[in-house]
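The figures here come from the full heavy-atom set of this structure, side chains too, leaving out hydrogens, waters and symmetry mates. To find a chain, count down the sequence lines: A is the first, B the second, and so on, and within it residues start at 1. All values reported here derive from a predicted model rather than from experimental measurement.
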Protein chains: 2
Amino acid sequence: MESTFSITELAEEFEVTPRAIRFYEDKGLLSPRRNGLTRVYSHRDRARLILILRGKRVGFSLAEIKEMLDLYDVDDEQIEQARYLVIKSRERIDALKEQRDDIDQAIKELETGCERAEDHLRDKGIALHDAVAD
Amino acid sequence: MESTFSITELAEEFEVTPRAIRFYEDKGLLSPRRNGLTRVYSHRDRARLILILRGKRVGFSLAEIKEMLDLYDVDDEQIEQARYLVIKSRERIDALKEQRDDIDQAIKELETGCERAEDHLRDKGIALHDAVAD
DNA sequence: AGTCAGGTTGACGTTTACGTCAACGTCAAC
DNA sequence: GTTGACGTTGACGTAAACGTCAACCTGACT
């Protein structure tokens with residue numbers, strides 16, 4: 001079990017490009033050690049990357065993720081960090097629920113329009129089953 | 001009941017900016033008549049605008065909306081248009097459902113992380129109710 | 001010596017749907 | 001005759017998160 005990682009190792013493991021990882025560093029989310037110029041990632045760096053990607057999955061911006069990670073560093077007992085995380089998570093959950101409602105609404109609209117179009121087709125000629133995309 | 005509209009009238013009615021409406025024209029989604037330079041919108045133009053905004057609401061790109069509108073024009077009995085609409089709508093519905101699943105997944109992840117953080121806070125000191133954002 | 005795999009730093013390009021000027025026209029009202 | 005409301009056309013700016021070069025270095029193998 002290796003104790004350090006190269007940029008492409010991490011990139012492949014998590015299916016992101018090296019460019020993306022460097023980008024996160026640029027934005028202050030990562031700061032791996034260097035061997036000369038080459039980046040060398042510790043397990044801690046790897047853990048941070050996991051947190052970054054998890055944050056992205058649930059819709060946080062890189063800026064928000066950075067704030068959380070920064071708190072995680074400064075805050076010894078992670079009290080502020082935990083509090084911030086709770087607040088932000090609740091905000092995000094609310095936003096996501098709204099987004100989900102919007103999606104449900106959109107699906108309804110689409111289904112209505114779809115049925116109307118199908119009726120129209122049935123009227124003019126029955127060729128619905130031929131409706132395969134090119 | 002007026003039979004034509006100015007750009008700001010439409011903009012206000014549908015709560016978009018004139019800039020947006022001109023943008024749609026630029027992209028070929030609208031082509032109002034002109035009185036000199038000034039744009040004059042008919043009921044038909046207004047109807048198209050409604051379709052554009054509905055399309056946007058359900059997540060179609062302007063390019064996709066344009067394709068539908070173009071078909072609507074060419075296609076006399078709207079057969080191709082209806083078929084295209086059905087296909088695209090189904091695609092969109094599928095994509096939206098996936099998106100909704102992603103959101104549900106994200107909410108779950110957030111709730112888990114949230115609970116963990118709350119436990120941590122409860123461990124260290126009870127100050128959860130003070131956790132109001134600034 | 002050559003050359004390849006892997007790494008590096010800029011720096012500009014991409015996407016979408018507009019926002020935000022600037023500089024100008026025009027028509028009616030005062 | 002000038003003010004004001006409303007309109008016009010460019011043209012550049014914006015957001016986020018990278019993609020995509022170019023030009024370079026460096027150590028290992030052949």
Side-chain angles (χ1 to χ4, degrees), chain A residues 2 4-42 45-46 48-69 88 92 95 99 102 106, chain B residues 2 4-42 45-46 48-69 88 92 95 99 102 106:
Chain A
E2 44 193 344
T4 66
F5 312 87
S6 77
I7 194 165
T8 33
E9 275 171 5
L10 290 183
E12 281 170 11
E13 179 174 1
F14 299 112
E15 297 182 76
V16 296
T17 63
R19 176 66 179 97
I21 296 178
R22 287 192 205 101
F23 183 73
Y24 302 150
E25 182 176 345
D26 233 54
K27 294 292 169 181
L29 304 188
L30 288 174
S31 43
R33 288 180 344 231
R34 299 290 185 119
N35 181 3
L37 283 185
T38 304
R39 290 164 173 84
V40 178
Y41 296 87
S42 68
D45 294 322
R46 183 170 167 281
R48 286 177 75 100
L49 179 55
I50 292 176
L51 289 179
I52 294 170
L53 298 178
R54 180 175 301 158
K56 274 179 53 80
R57 262 205 315 282
V58 300
F60 288 117
S61 72
L62 291 184
E64 289 174 309
I65 296 171
K66 176 178 160 50
E67 292 193 70
M68 301 192 206
L69 289 175
K88 280 293 178 177
R92 197 81 254 289
Q99 219 178 311
D102 288 349
Chain B
E2 44 193 345
T4 67
F5 311 87
S6 77
I7 193 166
T8 33
E9 274 170 5
L10 289 183
E12 281 170 11
E13 179 175 359
F14 300 113
E15 298 182 77
V16 297
T17 63
R19 176 66 179 97
I21 296 179
R22 287 192 204 101
F23 183 74
Y24 302 149
E25 183 176 344
D26 232 56
K27 294 293 168 180
L29 304 189
L30 289 173
S31 43
R33 289 180 343 233
R34 298 289 185 119
N35 181 2
L37 284 184
T38 305
R39 290 165 172 84
V40 179
Y41 297 87
S42 67
D45 294 322
R46 183 170 167 281
R48 285 177 75 100
L49 180 55
I50 291 175
L51 289 179
I52 293 170
L53 298 179
R54 180 175 301 157
K56 274 179 52 81
R57 262 206 314 283
V58 301
F60 287 118
S61 72
L62 291 184
E64 289 174 309
I65 296 170
K66 175 178 159 54
E67 292 193 71
M68 301 193 206
L69 290 175
K88 280 294 180 177
R92 197 82 255 288
Q99 219 177 312
D102 288 348

field: Pairwise distance CG(B:Leu30) to CZ(B:Arg22) - rounded to 0.5 angstrom
entry: 12.5 Å
query: In whole angstrom, what separates A:Ile7's CD1 from D:dC18's C1'?
result: 13 Å
- prompt: Would you call B:Glu25-B:Arg39 a salt bridge at under 4.0 Å N-O?
  reply: yes
task: Indicate whether OP1 or OP2 belonging to D:dC6 is found under 4.0 Å from a side-chain N or O atom of B:Ser6.
output: no
- prompt: Can B:Glu13 and B:Arg46 be counted as an ion pair, charged N to O under 4.0 angstrom?
  reply: yes
Set out, line by line, the N/O atom pairs under 3.5 Å between protein and nucleotides 13-17 of chain C.
unit_1: C:dA17; atom_1: OP1; unit_2: B:Leu62; atom_2: N; d: 3.4

message: What is the distance, to the nearest angstrom, from the CD atom on A:Glu25 to the C1' atom on C:dT8?
response: 11 Å
- request: Indicate, with a heavy-atom threshold strictly under 4.0 Å, whether A:Arg39 touches base, sugar-phosphate, or nothing.
  value: sugar-phosphate
task: For DNA chain C, list all stems, counting runs of three or more consecutive pairs where every pair is Watson-Crick or G-U wobble with both distances under 3.5 Å.
output: C:1-30 with D:1-30
Closest-nucleotide 5' rank along DNA chain C - winner of B:Arg19 and A:Leu37: A:Leu37
query: How do A:Thr38 and B:Thr17 order along DNA chain C: which one's closest nucleotide is nearer the 5' end?
result: A:Thr38
query: Is there a donor-acceptor contact under 3.5 Å linking the side chains of A:Thr38 and A:Asn35?
result: no
